[in-house]
Amino acid sequence: MDKAYSPREVEDRLYEKWLSEGAFEARADESRDAFSIVIPPPNVTGVLTMGHVLNNTIQDVLARRARQEGKSVLWLPGTDHAGIATQTKVENAIKETGRTRESLGREEFNLQACLWRDEHGGIILNQLKKLGCSCDWSRNVHTLDEDYSQSVLSAFVRLFKKGYVYRGQRMVNWCPASLTALSDEEVVMKPQSSTLYKVKYNVVESPGAFLEVCTTRPETIVGDVALAIHPEDPRWKNLQGKHVMRPVNPIAIPIIADDAVDRDFGTGVLKITPAHDKLDFEIGQRHELPIIEVLNADGTMNEVAGNDYAGIERFAARKLISERLKQDGHLVAEEPYRNNVGFSERSDVPIEPRLSEQWFLKYPRVEEAKKVVRKGLIRFFPERWEKTYLHWLENIQDWCISRQLWWGHRIPVWYRKGKVRTDPSNWHVSVSGPSDPENWEQDEDVLDTWASSWLWPLATLGWPDDDDMREKGFDYFYPTSVLVTGPDIIFFWVARMIMAGLEFNGRSYKPDQLIPDESLEERVPFRNVYFTGIIRDAEGRKMSKSLGNSPDPLDLIEKYGADGLRHGIMSIAPKGQDIRFSEERIEQGRNFCNKLWNVSRFRTLSGSLSGNQSPVEILSRVRLDQVMEEDQAILIRLKATIDEVERCYSSYEFNSILHALYKFFWNDFCDWYVENSKARIKNEEGKDTCLAIQDLCLREMLLLLHPFIPFITEELWSLLGFSSAKSIQFEAPAKGDDLIGMLSKVGITLDPQVLEEIEAQRELITQLRSIKAERNLSNNREVEFLYVADSENAALIAKSEKSVLEAVGAKSLRQVEEHPSGLPAVVTAIGSFYLDLSSGIDLEAEISRMKKEIENLNKVIPSIEYKLSNEKFLTNAPADVVEGARAQLAENQMKLREFTEILSLLTAKS
RNA sequence: GGACGGCUAGCUCAGUUGGUUAGAGCGACUGGUUUACACCCAGUAGGUCACAGGUUCGAGUCCUGUGCCGUCCACCA
């Protein structure tokens with residue numbers, strides 16, 4: 001074994017081995033419990049981010065733990081076609097070759113997109129392999145796969161037949177960059193610095209009278225069809241029913257009254273542009289006002305806006321029209337204003353409320369979706385996300401599911417050629433299409449990507465095809481055990497999957513018929529949902545590609561190993577809190593692996609490894625008369641650690657699991673038990689017993705650590721001779737009680753009292769080391785200690801004298817009756833200890849060293865004293881600096897006294 | 001406007017039903033290569049637990065209020 005652990009070779013070799021053994025392949029096996037996870041499918045053309053590392057490491061930990069526990073595990077991988085994102089990327093790539101989407105045409109474009117996907121796609125899956133993810137790769141699914149598409153279209157058709165999918169002319173969120181409608185969830189509100197324009201509208205019927213209106217969007221004035229006031233607003237009561245002249249493209253428009261007007265905002269008068277504002281549209285409907293569109297799909301003004309503005313981009317038009325208003329004397333005021341504007345999440349441009357013909361979905365099973373979470377049939381970790389989830393469901397709006405894109409699942413609706421599309425009697429809706437396709441034309445739109453991924457747990461297991469479901473073990477693996485994802489997609493994905501699961505799994509119910517409680521549980525797509533935190537950079541910003549603040553996980557794997565990365569990220573992943581990334585934590589993970597490697601290496605150098613193939617074999621090497629208190633203590637701690645790990649798994653407290661394992665391994669096992677072993681294994685009598693206990697601890701440690709750091713643990717598992725017929729991957733760590741059982745079978749019972757004694761001994765050793773270190777005697781192994789203690793404690797001290805002396809680095813511990821004077825002392829729970837400064841010391845060397853220390857202090861002290869006597873220093877320096885100087889002076893003076901005393905004692909002896 | 005989270009050592013964070021003297025890692029400082037490990041060992045320093053009240057024998061922990069930071073939802077033109 002090399003001195004330092006080098007992950008690279010080990011990781012690649014072991015991953016290949018796991019794949020060739022088929023260790024990750026899932027089979028429905030009724031004799032065992034099922035454990036299943038579906039991966040949140042990443043964008044097929046994406047690359048691995050730190051968020052993926054966190055998310056997938058958690059899933060891998062759970063999958064590997066379940067595999068060890070003997071469950072039949074399915075971790076199902078796959079990728080998402082990511083409609084807008086991928087189409088935009090492909091369009092940009094095509095643009096570089098001088099072509100456009102339109103010039104290629106739909107079929108050719110999609111062909112190019114597939115080529116592009118196949119070329120750039122799948123990178124992320126290979127990156128997950130580097131991370132060690134134990135997915136069943138033979139089951140890899142892509143949302144545009146033929147089978148998956150069938151299931152997406154099938155869901156659409158079923159919901160259509162139920163009357164839940166409908167087509168309609170509605171106000172939607174329009175993205176002028178991507179030229180498509182978006183769902184409400186894809187719009188992000190951003191505070192903007194804009195201008196509030198106050199515009200004057202002259203009253204037609206009363207010359208000289210006018211109304212003032214505040215707006216942030218003067219470019220839409222050309223689409224105004226009315227002004228609205230509040231019906232009870234006394235200020236304009238007499239104007240209701242009269243008309244004003246539109247200040248741009250002048251025509252007379254009515255003054256109407258509507259409750260929706262906020263009297264307190266601006267002037268209390270609202271201009272109504274039904275084509276370009278959601279509220280205005282509603283008011284317009286109520287008052288049967290005309291709808292005048294003045295914007296094109298791409299955000300430029302259209303011909304209706306007039307020759308002066310047609311073709312001009314919306315923000316340029318805003319400027320132009322405001323200037324025009326100013327010239328005409330219609331602009332009363334303009335002032336800076338901060339408001340929230342909706343942006344397209346993908347394209348990052350302001351969205352445009354736009355009236356258009358789209359497909360909408362009324363969500364199915366909303367009530368049941370609330371119920372399954374309220375009743376705990378699906379549990380959220382942390383629990384608090386339940387409130388967010390329920391609040392969203394309470395206020396749920398119909399979902400706009402059509403997208404004006406080419407990359408995606410094309411809507412399975414056909415219209416009779418040459419007939420009016422708005423009449424449903426001219427529609428054909430089916431998965432396979434009409435039998436006489438020549439007479440029909442298919443709807444041009446595709447489905448929102450989330451309208452495919454909401455079926456993920458169902459479709460990846462073969463739904464809705466019976467044969468496919470049987471082959472993929474649907475009944476065995478569904479509902480899946482746990483979903484691991486970020487809270488940022490709780491609405492996009494989690495909530496929708498729950499509704500889809502409830503709707504589509506099992507026998508169908510009529511729309512108005514609630515699913516009975518007893519069959520809810522088998523229909524939910526997953527039982528637990530673990531929400532990870534969001535990874536932020538050192539400044540607390542969300543990691544993103546555009547900020548360039550996300551490290552490349554592959555670089556980190558290269559530098560610290562996959563195990564180091566996994567350990568690091570898991571140790572900073574508290575339950576559901578955002579995570580501030582720091583490379584130092586990854587370094588710590590690497591160091592942990594190295595420590596594990598080295599203590600194992602030490603074990604291989606200490607003695608034979610035979611007899612390690614099972615706990616029974618290991619314990620058979622124990623000689624009862626050689627079992628020491630140290631052995632009992634480490635076993636008690638091991639048991640406590642196992643129990644703690646068990647408890648933390650059930651509540652998904654991964655950082656606590658690692659913390660418990662780290663503490664046991666490093667602070668208890670390495671720092672104390674193995675150090676103590678060094679003396680014991682020199683002695684043939686106790687060697688075998690001591691090594692057996694070491695082996696038992698190491699074995700359990702490796703088993704417990706394996707889900708987190710699979711590579712190094714598997715490597716050490718075989719290097720230390722633990723491997724039997726079973727790989728570490730399928731070997732369960734002992735439960736706490738199992739451990740007690742195993743031990744009592746060979747006659748070892750654990751006495752909690754022993755732990756206290758060992759604890760006291762540790763405390764003593766630490767104190768004695770400290771008293772030595774303070775006097776720069778750390779390396780002197782000849783020092784002697786005197787102590788005063790009662791007879792009970794004295795017996796205890798005598799019992800552990802040898803190991804205390806070894807650990808402290810001292811020659812003797814001698815009991816005295818009287819407290820010696822003039823010696824440095826420490827007080828512990830079991831007695832007062834004095835460092836005998838005169839004994840066992842190289843007097844000449846110590847004396848010259850003391851003199852050197854004193855000489856140095858005699859230089860330092862006057863310089864601090866001078867500083868403190870300086871008036872300017874005292875008045876100008878910050879208080880803490882002055883205090884610091886005073887403390888420094890006092891400490892050095894104290895040191896001087898101590899050293900002087902020690903010196904006088906030393907010289908008296910010489 | 002509504003909801004949720006955070007505020008603990010210089011930094012990043014643990015702290016699970018309220019209970020000895022509040023912990024870890026990193027960083028700082030001191031000393032150390034005695035054959036597992038310098039990716040290491042031994043030791044030291046460093047905290048008014050955001051603030052103000054309250055409940056209690058006892059509060060980092062529970063309650064009320066305030067402040068700052070962050071997230072989500074809604075949104076008034």
Side-chain angles (χ1 to χ4, degrees), chain A residues 1 3-5 184-185 188-189 196-197 213-217 220 228 260-273 277-280 283 337 339-342 382 384-388 390-392 394-395 487-488 490-491 533-534 536 538 540-542 560-561 564 568 571-572 574-585 587-606 644 647-648 651 653 655-656 659 662-663 666-667 670-671 674-675 677-678 765-767 769-779 781 806-809 887 891:
Chain A
M1 286 175 82
K3 208 167 168 181
Y5 171 59
D184 296 342
E185 285 68 33
V188 288
M189 303 305 287
L196 191 63
Y197 300 88
V213 175
C214 286
T215 180
T216 53
R217 302 202 60 189
T220 62
V261 178
D262 180 353
R263 279 178 280 187
D264 300 324
F265 185 87
T267 57
V269 184
L270 177 62
K271 72 184 203 61
I272 305 297
T273 320
D277 183 277
K278 216 176 154 188
L279 179 64
D280 290 6
I283 294 175
Y337 184 65
N339 63 340
N340 283 336
V341 176
R384 63 185 149 85
W385 292 111
E386 289 178 2
K387 209 166 168 176
T388 308
L390 291 169
H391 182 254
W392 185 72
E394 294 293 344
N395 300 288
D488 49 336
I490 191 166
F491 312 136
I534 292 174
R536 302 177 175 281
R541 298 172 305 180
K542 201 168 165 174
Y560 303 107
S571 75
I572 50 177
K575 191 167 59 181
Q577 288 302 331
D578 284 3
I579 293 151
R580 214 165 270 225
F581 178 77
S582 75
E583 192 164 329
E584 274 126 38
R585 299 299 287 260
E587 198 178 329
Q588 206 179 309
R590 189 264 321 255
N591 294 352
F592 182 85
C593 293
N594 189 255
K595 185 82 175 171
L596 188 60
W597 179 261
N598 269 291
V599 81
S600 303
R601 183 167 158 258
F602 182 56
R603 171 62 190 87
T604 64
L605 298 170
S606 299
E644 171 75 355
R647 190 188 67 73
C648 293
S651 52
E653 291 171 52
N655 61 327
S656 302
H659 186 245
Y662 186 102
K663 211 168 125 58
W666 204 305
N667 301 131
C670 292
D671 289 351
V674 174
E675 282 308 312
S677 302
K678 285 178 180 173
I765 290 167
T766 304
Q767 293 266 39
R769 277 173 178 167
S770 168
I771 203 174
K772 280 180 71 184
E774 274 164 20
R775 277 150 197 86
N776 288 333
L777 294 171
S778 289
N779 292 337
R781 303 184 64 83
E806 175 75 21
V808 174
E891 192 186 319

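Here is the naming used below: chain letters follow the sequence lines, and residue numbers restart at 1 for every chain. FYI, side chains are in, hydrogens and waters are out, and symmetry mates aren't considered; it's all heavy atoms of this structure.
- In this structure, A/Ile579 atom CD1 and B/C13 atom P are separated by 10 Å, rounded to whole Å.
- A/Ser606 comes within 4.0 angstrom of nothing in the nucleic acid, heavy atoms only.
- Between A/Ile490 and A/Trp392 there is no side-chain heavy-atom pair separated by less than 4.5 Å.
- Going from the P atom of B/C76 to that of B/C7 covers 35 Å, rounded to whole Å.
- Inspection of the A/Glu653 and A/Ser651 side chains reveals an N or O donor paired with an N or O acceptor under 3.5 Å.
- On the C1' atoms, B/A45 is 7 Å away from B/C29, given to the nearest whole Å.
- Using modelled atom types, one side-chain atom of A/Lys772 and one backbone atom of A/Gly809 make a donor-acceptor pair closer than 3.5 Å.
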Base-contact (B) and sugar-phosphate-only (S) positions in nucleotides 71-77 of chain B, heavy-atom cut-off under 4.0 Å, - elsewhere: S-SBBBB
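- When atom types are taken as modelled, the side chain of A/Ser600 and the backbone of A/Leu596 share a donor-acceptor pair closer than 3.5 angstrom.
- With C1' as the reference atom, B/C69 and B/G25 are 24 Å apart, rounded to whole Å.
- Both the sub-6.0 Å distance and the 45° axial angle are satisfied by A/Lys678 relative to the ring of A/Phe602.
- To the nearest whole angstrom, the two P atoms, one in B/C75 and one in B/C62, are 34 Å apart.
- Taking atom CD of residue A/Glu644 and atom P of nucleotide B/G15, one finds them 11 Å apart after rounding to whole Å.
- Taking atom NE2 of A/His659 as the reference point, atom P of B/U16 lies 13 Å away to the nearest angstrom.
- Between A/Phe592 and A/Trp666, the two ring planes are tilted [angle within 30° to 60°].
- If you measure from atom CZ of A/Arg647 to atom C1' of B/U17, you get 12 Å, rounded to the nearest angstrom.
- Nucleotide B/C40 forms a Watson-Crick or G-U wobble pair with B/G32, both donor-acceptor distances falling under 3.5 Å.
- Under the Watson-Crick or G-U wobble criterion, with both distances below 3.5 Å, B/C11 is paired with B/G25.
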Base-contact (B) and sugar-phosphate-only (S) positions in nucleotides 25-39 of chain B, heavy-atom cut-off under 4.0 Å, - elsewhere: SS-----S-B-BB-B
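- One interatomic measurement links the two molecules: CZ of A/Arg580 to P of B/C69, which rounds to 14 Å at whole-angstrom precision.
- Taking 4.5 Å as the limit, every side-chain heavy atom of A/Asp262 sits out of range of all side-chain heavy atoms of A/Leu270.
- Nucleotides B/C11 and B/U21, compared at atom P, are 27 Å apart to the nearest Å.
- Both distances falling under 3.5 Å, in either a Watson-Crick or a G-U wobble arrangement, occur for no nucleotide opposite B/U16.
- With hydrogens and angles disregarded, no donor-acceptor distance shorter than 3.5 Å links the side chain of A/Asn594 to the backbone of A/Arg590.
- Side-chain atoms of A/Glu806 and A/Glu675, non-hydrogen and from C-beta on, never get closer than 4.5 Å to each other.
- Using C1' as the reference atom, B/C68 and B/A59 are 23 Å apart when rounded to the nearest Å.
- Nucleotides B/U64 and B/G1 have their C1' atoms positioned 22 Å apart, rounded to a whole Å.
- Nucleotide B/C76 forms a pair with no other nucleotide shown, judged by Watson-Crick or G-U wobble geometry with both contacts under 3.5 Å.
- For A/Lys278, the NZ atom sits in a loose shell: 12 or fewer heavy atoms of surrounding residues, nucleotides or ligands are nearer than 6.0 Å.
- If you check B/C62 for Watson-Crick or wobble pairing at under 3.5 angstrom, you find it paired to B/G54.
- Nucleotides B/U20 and B/U55 have their C1' atoms positioned 23 Å apart, rounded to a whole Å.
- B/U71: Watson-Crick or G-U partner is B/A3, with both key distances under 3.5 Å.
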